[in-house]
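Written out below as structure tokens is the structure these notes cover.
Just so you know, ligand 1 is whichever comes first in the structure, and atom 1 is the first atom listed for that ligand.
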Amino acid sequence: MPVVEKLIGIVGKTNVGKSTLFSAMTLIPVKIADHPFTTIEPNIGVAYVKKKCIHVELSLSTCNPRSGFCIRGFRFIPVKIMDVAGLVPGAHRGRGLGNKFMDDIRQADVLIHVVDAAGSTDLDGNRVKPGTADPVEEVENILFEINEWFKNTIMRIWESKISRSIITAQNPLDTIYQNLSGLNIKRIHVVEAIRRSQLESKHPKNWTTSDIEAFSLALREVSKPIIIAANKADHYEARDNVKRLVELYGRENVVPVSALAELILRKAAQSGLIEYTPGDSSFNIINSKALTREQLRVLEMIQENVLKPYGSTGVQEILQRAVFEKLKLIAVYPVADESKLSDHAGNVLPDAYLVEKGTTVRELAYMIHTALGEGFLYAIDARKKRRVGESYVLEDNDVVKIVSTLSH
Ligand SMILES: Nc1nc2c(ncn2[C@@H]2O[C@H](COP(=O)(O)OP(=O)(O)O)[C@@H](O)[C@H]2O)c(=O)[nH]1
Ligand SMILES: [Mg+2]
């Protein structure tokens with residue numbers, strides 16, 4: 001199976017619906033035998049981004065995913081997702097499960113910040129009357145905690161490690177990112193953060209405390225971008241709050257979500273009661289006689305209060321945005337047989353890899369197998385039926401056969 005590399009962290013205060021969102025995202029809405037990895041650890045699972053499957057575009061009758069699945073012409077490709085411990089005010093100083101939280105998000109590539117858009121929980125996560133708590137205050141509060149933690153962590157590493165070695169460093173940028181690798185920070189993040197904080201022309205050994213702070217903030221934004229899930233959107237009280245959140249933080253950063261509605265729909269689909277593809281704006285009841293009156297009422301409510309006003313439950317949407325917009329990943333399909341588009345066993349389009357835009361075909365070879373990268377000779381673009389060299393930059397939906405000294 002392909003390396004599921006990217007990790008999405010679900011963060012937020014307590015009782016906003018993080019675990020509900022995690023369950024909904026990791027629940028497969030169809031019956032699939034022998035599915036090995038829905039949960040990896042108690043709080044880490046596999047969710048799936050959705051793409052129009054290229055087997056449809058290529059007029060093939062079907063495909064045989066080794067990981068993920070394909071339903072009704074949509075390919076679902078795995079990504080890792082983590083249900084992070086709830087945050088409370090003061091978490092960056094260790095309050096509540098502060099330290100556990102911080103340990104968890106170190107490895108995340110992108111964060112989904114779940115907010116109670118219904119305003120039904122206070123900052124400590126206690127239930128209050130819907131409409132009384134302020135989700136904007138909640139967004140600001142959590143953002144403050146994350147940014148403070150991040151800044152303090154960078155400051156600590158800077159003082160203990162970076163400041164000394166940077167004086168004599170050949171390449172200060174390398175010194176910085178190598179010392180920050182525990183936070184899953186790449187060279188490209190450091191470059192972009194320096195640009196954003198306008199520190200390009202100042203050698204890092206001369207950075208002041210406020211320079212380092214500005215750099216830290218920019219680094220958090222590029223290395224752990226945040227997208228807001230305005231959850232509990234099914235509540236009447238959420239309507240105005242969703243609008244406010246969108247106005248304040250921008251349409252590209254806020255998605256109205258009903259994690260509970262998605263969980264119910266996926267469970268109903270999994271037990272064969274309805275036909276539903278995650279992300280869709282409606283569902284079909286397969287056999288209404290098999291449903292209780294209460295179940296029918298809940299499904300009607302989901303249709304009226306969620307799908308109709310918002311177009312979907314938002315669960316698939318937010319995952320898509322995190323992966324394709326915030327992380328800018330594309331999907332590529334390696335195959336062993338470029339005419340059948342299959343592996344050696346005849347499985348059609350067995351693997352889909354999510355890779356960063358700009359990834360070369362040789363880098364892909366390395367991701368599949370080190371030896372495949374080392375012995376790389378050339379690749380075949382199976383759709384355009386042409387040979388490409390090692391520096392070919394992959395495009396979304398490419399199907400490639402890699403020819404290496406390993407191939408037979
Ligand atoms: N109405 C509504 N309730 C939700 C939604 N998502 C979660 N909840 C409820 O909010 C409460 C807390 O959810 P949970 O997932 O445990 O929150 P966590 O503490 O953030 O993990 C539970 O009672 C959920 O049923 C939603 O989309 N709509
Ligand atoms: Mg929880």
Among protein heavy atoms, which sits nearest to [atom], and what does the distance come to when rounded to 0.1 Å?
atom: atom 19 (O) of ligand 1; result: Asn15 N, 2.7 Å
atom: atom 17 (O) of ligand 1; result: Gly17 N, 3.0 Å
atom: atom 6 (N) of ligand 1; result: Asn231 ND2, 3.2 Å
atom: atom 7 (C) of ligand 1; result: Thr20 OG1, 3.4 Å
atom: atom 16 (O) of ligand 1; result: Ser19 CB, 4.3 Å
atom: atom 23 (O) of ligand 1; result: Arg127 NH2, 3.4 Å
atom: atom 8 (N) of ligand 1; result: Lys232 CE, 3.9 Å

Worksheet item: Does the distance from a Lys or Arg side-chain N to an Asp or Glu carboxylate O, for Arg383 and Glu57, drop under 4.0 Å?
Response: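 A salt bridge links Arg383 with Glu57.
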Notebook entry, point to check: Could Lys232 and Asp116 be called an ion pair, given the rule that one side-chain N must be under 4.0 Å from one carboxylate O?
Noted result: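 Salt bridge: yes.
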Does Ala259 come within less than 4.0 angstrom of ligand 1, counting non-hydrogen atoms of the residue?
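Judged by the 4.0 Å heavy-atom criterion, Ala259 does count as contacting ligand 1.
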Does the ring center of Tyr333 lie less than 6.0 Å from the ring center of Tyr353?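 No, too far apart.
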If you measure every N or O of Thr14 against every N or O of ligand 1, does any of those distances drop under 3.5 Å?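 No: no nitrogen or oxygen of Thr14 is under 3.5 Å from one in ligand 1.
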- With only distance considered, is Val257 within less than 3.5 Å of ligand 1 through an N or O on each side?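 N/O-N/O distance under 3.5 Å: no.
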* **Trace of the side-chain contact (heavy atoms from CB on, under 4.5 Å) decision for Ile226 with Ile142** => CA-CA 11 Å; Ile226 298 177; Ile142 297 291; over 6 Å; no
Item to complete: For the residue pair Phe215 and Trp158, categorise the inter-ring angle as parallel (less than 30°), tilted (30 to 60°) or perpendicular (more than 60°).
Response: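 The rings of Phe215 and Trp158 stand perpendicular, inter-plane angle above 60°.
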Are the side chain of Asp337 and the backbone N or O of Gly346 linked by a donor-acceptor pair below 3.5 Å?
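No; judged by distance alone, with no hydrogens or angles, the pair does not exist.
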Quiz item: Is the NZ or CZ atom of Lys50 positioned over Phe76's six-membered ring, under 6.0 angstrom from the centre and within 45° of the axis?
Solution: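 Geometry flag: not set, cation outside 6.0 Å or 45°.
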List every atom of ligand 1 that sits less than 4.0 Å from any heavy atom of His235, numbering the atoms from 1 in the order shown and giving each element.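 By the 4.0 Å cutoff, the relevant atoms are 1 (N).
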**Message:** Suppose I only count heavy atoms of Lys18 and a 4.0 Å limit; which atoms of ligand 1 are within that range?
**Reply:**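 Here the atoms of ligand 1 in question are 15 (O), 17 (O), 18 (P), 19 (O), 20 (O), 21 (O).
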Can you see whether Thr209 engages Asp211 through a side-chain donor-acceptor pair at a distance of less than 3.5 angstrom?
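Their side chains do not contain a donor-acceptor pair, so the 3.5 Å distance test is not met.
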Heavy-atom nearest option to atom 1 (N) of ligand 1, drawn from Asp234, Val306, Leu260, Thr313: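 Looking at heavy atoms only, the winner is Asp234.
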_Let me check your reading of the structure: within less than 2.8 Å of the Mg ion (ligand 2), is there an N/O/S atom from Ser19?_
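Under 2.8 Å: Ser19 contacts the Mg ion (ligand 2) through an N, O or S atom.
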Problem set entry | Smallest separation among heavy atoms of Leu329 and Phe324, with atom names |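 Result for this residue pair: O-CD2, 3.2 Å.
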